[in-house]
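Working notes, structure below.
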Amino acid sequence: MDLSLEDVKELTDPNKIQEIFLKLREQEENVTKDLDRLLKNQAHLETKMKNLNQILPQVASIEKGCQSLHDKIHSTNLLAENVSRKVRQLDMAKGHVDSCIQRVNDIINLTKCVEGVQETMASDNYETAASHISKYLQIDKKLISNIDDDVDGSFAVLKDAELRFINNLNNRFDTAVKENDERGVERFARLYPLVGRKEDGLSKYSKFLASKVASKGQSHLTNALKTSKDDKRWGVMFADTLTRLFEDTARIVEDCQLVIDSAYGGDCMFQVLSPVQEECIRQARSTLSNFLQTRNVIDISCVVNSKTSGLQGEEQPQLDQILEEMVIMNSRAELYTNFIKRKIQQDDTENNNWEGIRGMNALQQEAMGHYILLETHFIKQSILKAVSLETRNKKSLVSSLVDDSCYLIQKSVNRAISSRSIDTACAMINNAASSLSLEVCNELMFVVKNGYPNALSYSWQQGSDEQVLEQKEKFLTATNNLHATADNVNKLKRGFEMKCEKSYGSDTAALEKLMSCISGFSDVTSDFREGLKRAEQTLCKAAVFPKIHPVIAEFASSSHIITEDQLYMLEVEDPWLQEIVKVVDEVIVPLKQLLHQSIYDSVLKISITEMTEYLEKLALTCSYNQLGGLLLDKRLRSLVTFLSGITQWSIRDKFARLTQICLILSVERLSEVEEYTSSSAKCCLSITEIKQCLRLRNDFKKDDINNIVCD
C-alpha cells in the first residue's frame, strides 16, 4: 500500500487511520516473510554463482571453436558454389554435344533409311522397309531440317516412300484376306504399328477376324441343317453347331492375342474383341433362330401358353430332347462368356456393361425364357401322366407314382442346374417344388380325403365288395406314398445341394441364392408330413376306433364291486380282456403288412392313446371295492404286456395315468394313499383327481377321503 506524505497529513478519522495501520502491518509481515525466504536460499544461490564462475572460461573456449567452425563452413560453401557452377557449365556443354551427335546420327539414319527403303521395297522385304520407316518417323525433323538441300530431299523421298509403303501394305493385306492367307494377314498386321498406323491395323485385323467367325459360323449352321434325322446327333445338332462356333471363336481369339500382345500391346485386345464378339453374337442368334424354327419351339410355346390340354403324349419325348439341347446350348454360351470376360481384362462391372457381354446375355435370356416355360410344362404333364399310369406291385407298399414323380423332378432340376444359369436354375427349383406340392401331394390327399371304408361295415377278412377293397388299397397306398415321397424329397434336397456346391462352389453369391431356393423343398416335405398325419388319423378313426370303442365300452357295463370268487374266475379267464386282444389282432396287427413300419408305429401310438383316454374316461364313471380296483390293475398290466409285444417302443408312459388310478383304487387303507402321494416324485394325478378316484370306492367315507388328501 503506497501513501504519500500529503495523504498521511490529511488523515483525521481514527477509524480510517486504524484501517490503514492494519493494512500496513499486514504488508510489513508479508515483506518480512519474503526476506526470510530469500535468506534461506542464500547458500543455494551462492553455490550456483560459484558454478557459473567456473564455467565461464569454458564458454569462452567454446565461443572461439564455434567461430572457427563458422569460417570453415563459409569457405566450403563458396568452394561448393564454384564447383556447382562449373558442373552446370559442363552439363550444358555435354547437352550441346549430345544434340550434335543426335543430329549427326539422325542424318546418318536418314541417309540409311532412304537407301534401305528403296532397296527393301524393290525386293518386297516389307519387314525391313517398315523398320526403316519406323526409324524415319522417330527422327525429330525440327532439329535437322533446313541444314542443307540433301537432308530436305531425303525427307521428301522418305515421305513418298512411306505413302507408297502404306498403300502397298493395304493392298497386300487385302489380298491376303481375299486368299484367306492367315499367315500373310498376321504378317502384314504386325507392320501397321511400325509405320504409325496402329488404329488402321487394329481395324483391318479385327474385321478379318470377324469375317473368319462369320465364315465358320455359317459353315457349321449349313452343315447342321443338312443333317439327316437318322443321324444320332440330329437331336443335338444345334447345340453342336453353337459349341463349334464358340470353340472356333475362342481359338481365333487365342491366336490373335499373340499378334496383338507382340505388335500392338495387350491393352488393345478389347478393341479387337468388340467386332469379333459382335459377329459371334450374330452367328449365335442365327443358330438360335434356326433352332427355334426347326424344333417348332415357338409353336410349342404357343400351345403351352394357350392353357389347353397341352401337348400330346407322343410329343413329350420330343420336348424332353429339345430341353436337353437348350440346356447344352446355354451352358456352352455361359462358358464362352466367361472366357471372353477373362480376355478383355476389365473389372466385373465393365464386363457386364460391355455391349458384347450384354448382347450375349440377352440371347441367353431369350433362349432360357422358352426353356423355363417348356420345362415347367414338361414337369407338370409328365407328373400328370405318371398319375394316370400309376400302378402298384403287389410286393411293394408304394405305387409307381413315388419313383416316377421324384425321378422327373430330379431330372428337370439337375438339367436346369447344369445350364449354368443361376436365374434359370432358381426358377426351375421353385417350379419343381410347387409341382410336387400341387400335383403329387394334392393327388395323394384327394385319395386320403375320400376316406377309408368304415370297419364296422367291412372287415379285413370279408373282402366281398371289390369297390371297398379297391378303396382300401388306394387309401393305404396313398398313405405309404406320402411317407415315401417325403423321404425322397429330403434325399432330392441333399442331392441338389451337393450338385450346386460342385457346380458353383467358387461363386459364393450364386451358391447362397441357389441354396435359398433349394430350402423350399423343406416346405414340400412338411406338406407331405402333414398329409401323412391326416391319413394316419383318418385310418385310425375309420378302421380302428369303431372296432375298439365298443369293446372297451363293455367295461362300464359290468360291476366292479366283486367278491374274491369273482376275482379268481376273472383272473383265470377274462372275456373283456380277451375281446380287446382279439380286436387288436384282427384290426391293428394286419396293418403291419400293409403299411410302412413308421406309419404302423404311428397308427399304434394313436390307437393306444385313444384306448387309454377312453378307458380312463370310462373307469372314472364306475364304482369299485378293493377287489374291483385290483381287477382293474391286473387287466391293465395284462393289456400293457400284450401291447408291448406288438410294438418296438415303450408304451408304459401312455398308461402312466391309468396305472396310478389303478394303484389308488386298489389301496387297502387311506393311509397308503397318503404314503403314495408323499413318496411319489412322478405323480401324474392332481390332488383333485386323486380325491375323485377315491370317491369311486364304495368302502371309503367321504370325510375320511377329504381329511387324508387335504393333509
Side-chain angles (χ1 to χ4, degrees), residues 213 216-217 220-221 224 232-251 253-254 277 280-281 283-292 294-295 297 319-343 348 351-352 356-376 378-379 409-432 495-507 509-511 513-515 517-518:
V213 173
K216 289 184 177 296
H220 294 322
L221 182 58
K232 63 180 181 179
R233 301 297 298 178
W234 184 85
V236 290
M237 64 180 183
F238 291 104
D240 290 344
T241 300
L242 207 59
T243 301
R244 295 189 185 101
L245 171 64
F246 292 145
E247 288 177 347
D248 289 339
T249 306
R251 193 176 297 110
V253 172
E254 288 284 1
Q277 180 69 356
C280 180
I281 293 173
Q283 295 301 319
R285 185 173 296 279
S286 177
T287 302
L288 178 62
S289 298
N290 280 273
F291 165 79
L292 297 176
T294 304
R295 304 301 192 200
V297 175
L319 179 58
D320 187 27
Q321 182 60 53
I322 292 174
L323 294 171
E324 290 286 352
E325 190 171 18
M326 294 179 78
V327 165
I328 296 173
M329 292 169 69
N330 192 78
S331 64
R332 299 296 186 269
E334 194 68 27
L335 289 173
Y336 171 75
T337 300
N338 291 335
F339 166 79
I340 292 298
K341 286 181 179 180
R342 292 194 300 270
K343 286 300 178 183
D348 291 339
N351 279 348
N352 295 330
I357 298 299
R358 288 193 287 114
M360 184 62 74
N361 289 341
L363 194 64
Q364 291 179 250
Q365 289 174 4
E366 179 184 350
M368 288 297 98
H370 291 293
Y371 168 78
I372 293 173
L373 175 65
L374 298 181
E375 184 73 86
T376 303
F378 174 77
I379 293 176
I409 295 299
Q410 182 183 39
K411 180 179 181 180
S412 294
V413 173
N414 283 338
R415 180 159 56 196
I417 293 174
S418 64
S419 71
R420 304 188 69 83
S421 171
I422 306 300
D423 294 336
T424 300
C426 289
M428 287 315 307
I429 288 171
N430 293 332
N431 291 343
F496 295 151
E497 290 173 343
M498 293 175 62
K499 185 172 182 64
C500 288
E501 289 175 355
K502 183 178 180 180
S503 301
Y504 301 94
S506 59
D507 191 342
L511 188 60
K513 187 175 181 180
L514 287 167
M515 291 301 182
C517 294
I518 293 174

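Just so you know, these numbers use all the heavy atoms, side chains as well, and skip hydrogens, waters and symmetry mates.
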Go through the steps to decide whether Ile340 and Met360 satisfy the test side chain to side chain contact (heavy atoms under 4.5 Å, CB included), and finish with yes or no.
CA-CA 11 Å; Ile340 292 298; Met360 184 62 74; over 6 Å; no
Rounded to the nearest 0.5 Å, how far apart are OG1 of Thr337 and CG of Leu363?
9.5 Å
Considering all heavy atoms, the nearest Met326-Ala367 contact:
CE-O, 3.1 Å
Closest contact, heavy atoms only, Cys500 versus Ile417
SG-CD1, 3.6 Å
For residues Asn431 and Thr376, is any side-chain donor paired with an opposing acceptor at under 3.5 Å?
yes
Evaluate the side chain to side chain contact (heavy atoms under 4.5 Å, CB included) criterion for residues Cys517 and Cys426: first the C-alpha distance (whole Å), next the side-chain angles of each, then the deciding distance (0.1 Å), finally the verdict.
CA-CA 6 Å; Cys517 294; Cys426 289; 3.5 Å; yes
For a 4.5 angstrom cut-off between non-hydrogen side-chain atoms, does Lys499 reach Asn414?
yes
Heavy-atom nearest pair, Arg420 first then Asn330, reads C-ND2, 4.5 Å
Please report the interatomic distance CG(Leu374) to CG(Asp320), rounded to the nearest 0.5 Å.
11.5 Å
Could Arg415 and Phe378 be counted as a cation-pi pair, given that NZ or CZ must be under 6.0 Å from the ring centre and within 45° of the axis?
yes
Test: Arg295 and Glu325 ion pair at under 4.0 Å
yes
Looking only at heavy atoms, what is the nearest atom pair of Gly217 and Leu245, with distance?
CA-CD1, 3.9 Å
In the structure I gave you, are the side-chain heavy atoms of Thr243 and Met329 within less than 4.5 Å of one another anywhere?
no
Under 3.5 Å, is there a donor-acceptor pair linking the side chains of Asp248 and His220?
yes
Distance check, rounded to the nearest 0.5 Å: Ile429 atom CD1 versus Ile409 atom CD1?
11.5 Å
Taken in chain and number order and not counting sequence neighbours, the residues that satisfy side-chain contact (heavy atoms from CB on, under 4.5 Å) with Ser418 are Val327
Sub-4.5 Å side-chain heavy-atom contact between Val253 and Phe339
yes
Does a donor on one side chain and an acceptor on the other come within less than 3.5 Å for Gln277 and Tyr336?
yes
Supply the atom-to-atom distance Thr241 OG1 to Arg233 CZ, rounded to the nearest 0.5 angstrom.
10.5 Å
Yes or no on side chain to side chain contact (heavy atoms under 4.5 Å, CB included) for Leu335 and Phe246, after CA distance, side-chain angles and deciding distance?
CA-CA 9 Å; Leu335 289 173; Phe246 292 145; over 6 Å; no
Separation between OG of Ser289 and CG of Leu221, rounded to the nearest 0.5 Å
9.5 Å
Verdict with reasoning, Glu366 to Arg285, per salt bridge (charged side-chain N to carboxylate O under 4.0 Å, His left out)
CA-CA 10 Å; Glu366 179 184 350; Arg285 185 173 296 279; 3.2 Å; yes
ring-ring contact (aromatic ring centres under 6.0 Å, His included) involving Phe291 - partner list, sequence neighbours excluded:
Phe238
Report the distance from atom NZ of Lys411 to atom CD of Glu375, rounding to the nearest 0.5 Å.
8.5 Å
Are Met428 and Ile379 close enough, and set up right, to give a side chain to side chain contact (heavy atoms under 4.5 Å, CB included), and what steps lead you there?
CA-CA 10 Å; Met428 287 315 307; Ile379 293 176; 3.6 Å; yes
